[in-house]
Amino acid sequence: MKKLVLIDGNSIAYRAFFALPLLSNEKGDYTNAVYGFTTMLLKVLEEEKPTHLLVAFDAGKSTFRHKTYAAYKGTRQKTPSELSGQIPMIHKLLDAFSIKRYEAKEYEADDIIGTQAVEAAKKGYEVVVITGDKDLLQLVDDRIEVVLTRKGITEVDRYNEAKIEERYGLTPKQIIDLKGLMGDTSDNIPGVPGVGEKTAIKLLTQFSDVETVLASINEVSGKKLKERLEENKELAILSKQLATIMTEVPLETALNDLAYNGFDYQAVKELFKAYAFNSLLNRIGEDEDQQEEALEEVAFEIVSEIKEDHLISPSALVIEMLGDNYHHADIIGVGLANKNGNYFIPTKVAVESTLFQTFMADEKKEKYLFDAKRAVVALAWQDIELNGVAFDLQMASYLLDPSLSSHEMSDIASRKGSVRVLEDETVYGKGAKQGIPAEQQLAEHLSRKAYAMHVLKEILANELKENEQYSLFAELEMPLSVILGRMEKEGIKVDRGQLQTMGGDLSTRLADLEKEIHKEAGETFNINSPKQLGQVLFETLELPPVKKTKTGYSTSADVLEKLAGSHPIIEHILLYRQLGKLYSTYIEGLLKVANEETGKVHTRFNQALTQTGRLSSTDPNLQNIPIRLEEGRKIRKAFVPSHDDWLMVSADYSQIELRVLAHISGDERMKEAFLKNMDIHTKTAMDVFHVEEDEVTDQMRRSAKAVNFGIVYGISDYGLSQNLNITRKEAKEFIDRYLASYPDVKAYMENVVKEAKKTGYVQTLLARRRYLPELASSNFNQRSFAERTAMNTPIQGTAADIIKQAMVIMSEELANSSLKATMLLQVHDELIFEVAPEDEQALKELVTNVMENALSLDVPLQVDVLSGSSWYDAK
DNA sequence: TCCTTCACGCACGTC
DNA sequence: GACGTACGTGAAGGAT
């Protein structure tokens, strides 16, 4: 017998929250509702032994009931933030248990439960509904039971038809009529004033339902009651309507999807540890036997010759390689899964097959991959084109929740409860011991990954749609990944000779400085060792320590700057550090990774890493090439066009984050600055210090700039005080003055935090999300950090959205033009190109146009474009 | 026992 | 605030 258990998520969480004291884990997150919910869940799993399981949540916001009656739930108190922060944690918990959860816009959890219950009952399931809400009693019939929490969460009452009859003297359907007459204060359903439970039951026993009662008012006993019914006919009908659970919600999940097949032991254990539910660890049993349990069988075939039948659309593909630098890594095998079967194709068989190559290049043959860019670039190095990537699992996982530390297949598989997949580390080992396993094992692993991809693709695609993130995924990030892949493969030329010359110069200067410093210290020591340097400065030379780190004295630049003047050695150390950084990170670092033959460096952009939606760049990191100090800026002279006579072009957004802030906050004064194209820092100084433009001093502008900087990066009053070298109190006052000058910015900041506490996440203009469970933390630092993040992420993230959008459009425009120009790099608010001299002007016009119009805001976007014979000269 | 590898903290480059 | 890299350091791991 199939048995479906439906849990009213919000209701149970709410009960648990109020039934238990405010527990929290060591991080300071409140966990009492999560804990209570978990104990209830474990109890349900043990006692009910469901074959199918669903937890329904309210989607928040407004439902179809609000359309009928605006005041619906109007008296309900706002969910306490200590509870709302726990809802995402409960979501995570359910994911770890591989239990389906669902929420639908416009509908309440009740309606989702009602719909599923009725459908399942019709199909012969035994159905149990678990809730704290008596409303749901109306669903009871011979196949549906409702379990109501009575006190706390462990004491419950189980209602079938007989029990309802016994308790109310009514049939389950009459529960709706009961509500219609007596109303419900907690949902602000009015009912008939003056009619309570007793009267309502009496009326219903006599007349069966609201309609009959109203049609037979004459027969009702009691003059006052008659009057009340007469006056409130419409209210009674409306109340009944509101109390009726909708059983025809258009659900996107089929009953089959709700099958519960047990949970992933590791995932649950990890989560229990994170939530500090040590006492519950025992309740989920010993891990040994379960963990050792064999993976479910996935049949596969090792392909020795590729045939047409292997290559159908859609197919899931795994292009496996060891080591993370896909510019150099060898492909060790190919996994393939589609309707016809699961396959392992040895690399040689794949890359040498024309059939395979044609299939890979065919735009119309849909492919699902995990980290598509990795495959695209690796194959490009083998001169194999990969087109038609229809789904990137890693990208989907990242967009759904960027905070998950790992977007590895095995983790996604265990989180989403599909076919289990081994961790790559388990199969290949790591570090020095990493290697390729026996073919059979490799074949099994890759086929399994490919097979799992189909299942996971469906799940994640649905989640993206539920979150309204599908277009972000399909129209922005997916196309961008291909573009980034091309940029990485193309690479950027560095002039190795120039680097070597600069390096030679630096190393002599470093050697001289080293001698000088040793002389001043009176001993030789390793200047690069903070430990040794600390001893020399604060013990041998007895300079006053300014700051400590966990391990000893701090010798950071801002500490040394405070000591400057007290000893000549300080200045030399600062210079040594500066030059040393240039030499080892940039000169040697770049020379190490530049291709011997072409002189090009090929970075890798990580598109699925940052919490804000920015890219990051590694191996080498080309997003932190020096510019601030002239000495370092010279490094940019080594970045040159890859063709003779071509030019480097740099196009950067001016103040994009502050423009985004002006747009989303709608602050008129701030918008004015951009509409009138004023210097934003001067304008800020004018507004904050209440002075005219010509009265703004350098110091005022500097302070204003620091605050703007702080707003953009979400720093704290502490951070600002460090930047401006003022006290924390002064910094706080300064921020307050700033916010007073820009009231709508202040309102936005408050609002975004409030909203995030409610929903558990913040989002950007293009629906990129970031969950912030720490908003409910009792730990001040944690909570403050989350609050600043809530304010800052939509700003920085939207800026990231905009430049990504610009890149996608730019790439199309370039492809459709005959311009001899290549997009090479993205540095957060800047795009770097190389261009043939005859197309320089055209490119500049095009890129300005594309970037400024990538997304339309209430303030103009401004782009500065510059060109020159090297990146340095594009200034 | 020695040598290599690894994880971690510190410092500093960019936006 | 977010990133990535280089370096030094002490501990763990592996070979001898």
Members of residues 571-587 of chain A that approach DNA chain B, where some heavy atom sits under 4.0 Å away: A/R577, A/K581, A/Y586

Between A/Y742 and A/Y738, ring centroids under 6.0 Å: yes

Sugar-phosphate only, base, or nothing, as touched by A/N526 at under 4.0 Å among non-hydrogen atoms: sugar-phosphate

Within residues 863-875 of chain A, residues whose heavy atoms come under 4.0 Å of DNA chain B: none

ring-ring contact (aromatic ring centres under 6.0 Å, His included): pairs with one or both residues in residues 705-724 of chain A, sequence neighbours excluded: A/F709-A/Y713

Aromatic ring pairing A/F538/A/Y553, orientation class (parallel under 30°, perpendicular over 60°, tilted between): tilted

Within-4.5 Å side-chain heavy-atom neighbours: A/N595 and A/V601: no

Non-hydrogen side-chain atoms of A/R770 and A/T612 separated by less than 4.5 Å: yes

Results of salt bridge (Lys or Arg N to Asp or Glu O under 4.0 Å) for A/R783 - residues two or more places apart only: none

C/dG1 phosphate, OP1 or OP2, under 4.0 Å from A/R788 side-chain N/O: yes

Results of salt bridge (Lys or Arg N to Asp or Glu O under 4.0 Å) for A/K875 - residues two or more places apart only: none

Sugar-phosphate or base contact per nucleotide [nucleotides 10-15 of chain C; S, B, -; heavy atom under 4.0 Å]: S---S-

Spatial distance of atom CG (A/L661) from atom CE (A/M791) [nearest 0.5 Å]: 11.5 Å

Touch class at under 4.0 angstrom, heavy-atom based, for A/I625 against every strand present: sugar-phosphate

Sugar-phosphate only, base, or nothing, as touched by A/T612 at under 4.0 Å among non-hydrogen atoms: nothing

Touch class at under 4.0 angstrom, heavy-atom based, for A/N792 against every strand present: nothing

Check: A/M648 and A/I492 side chains under 4.5 Å, non-hydrogen atoms: yes

Range on DNA chain B touched by chain A, heavy atoms, distance below 4.0 Å: B/dC6 to B/dC15

Sequence neighbours excluded - ring-ring contact (aromatic ring centres under 6.0 Å, His included) pairs with any residue from residues 600-634 of chain A: A/H327-A/H602, A/W381-A/H602

Residues which pass side chain to side chain donor-acceptor pair (under 3.5 Å) with A/S410, listed by chain and number, not counting sequence neighbours: A/E408

A/K547: partners by salt bridge (Lys or Arg N to Asp or Glu O under 4.0 Å), with sequence neighbours left out: A/D558

Close side-chain approach of A/T603 to A/D619, heavy-atom, < 4.5 Å: no

Sugar-phosphate, base or nothing in reach of A/E657, heavy atoms under 4.0 Å: nothing

Atom pair CD/CD of A/E571 and A/E516 - distance to nearest 0.5 Å: 11.0 Å

Secondary structure of DNA chain B in dot-bracket form (Watson-Crick or G-U wobble, distances below 3.5 Å, | marking inter-strand pairs): |||||||||.|||||

Sugar-phosphate only, base, or nothing, as touched by A/Q532 at under 4.0 Å among non-hydrogen atoms: sugar-phosphate

Over all atoms of both residues, closest heavy-atom pair of A/T610 and A/Y398: O-OH, 2.7 Å

DNA chain B-proximal residues of residues 535-557 of chain A, any heavy atom under 4.0 Å: A/T549, A/K550, A/T551, A/S554, A/T555, A/S556, A/A557

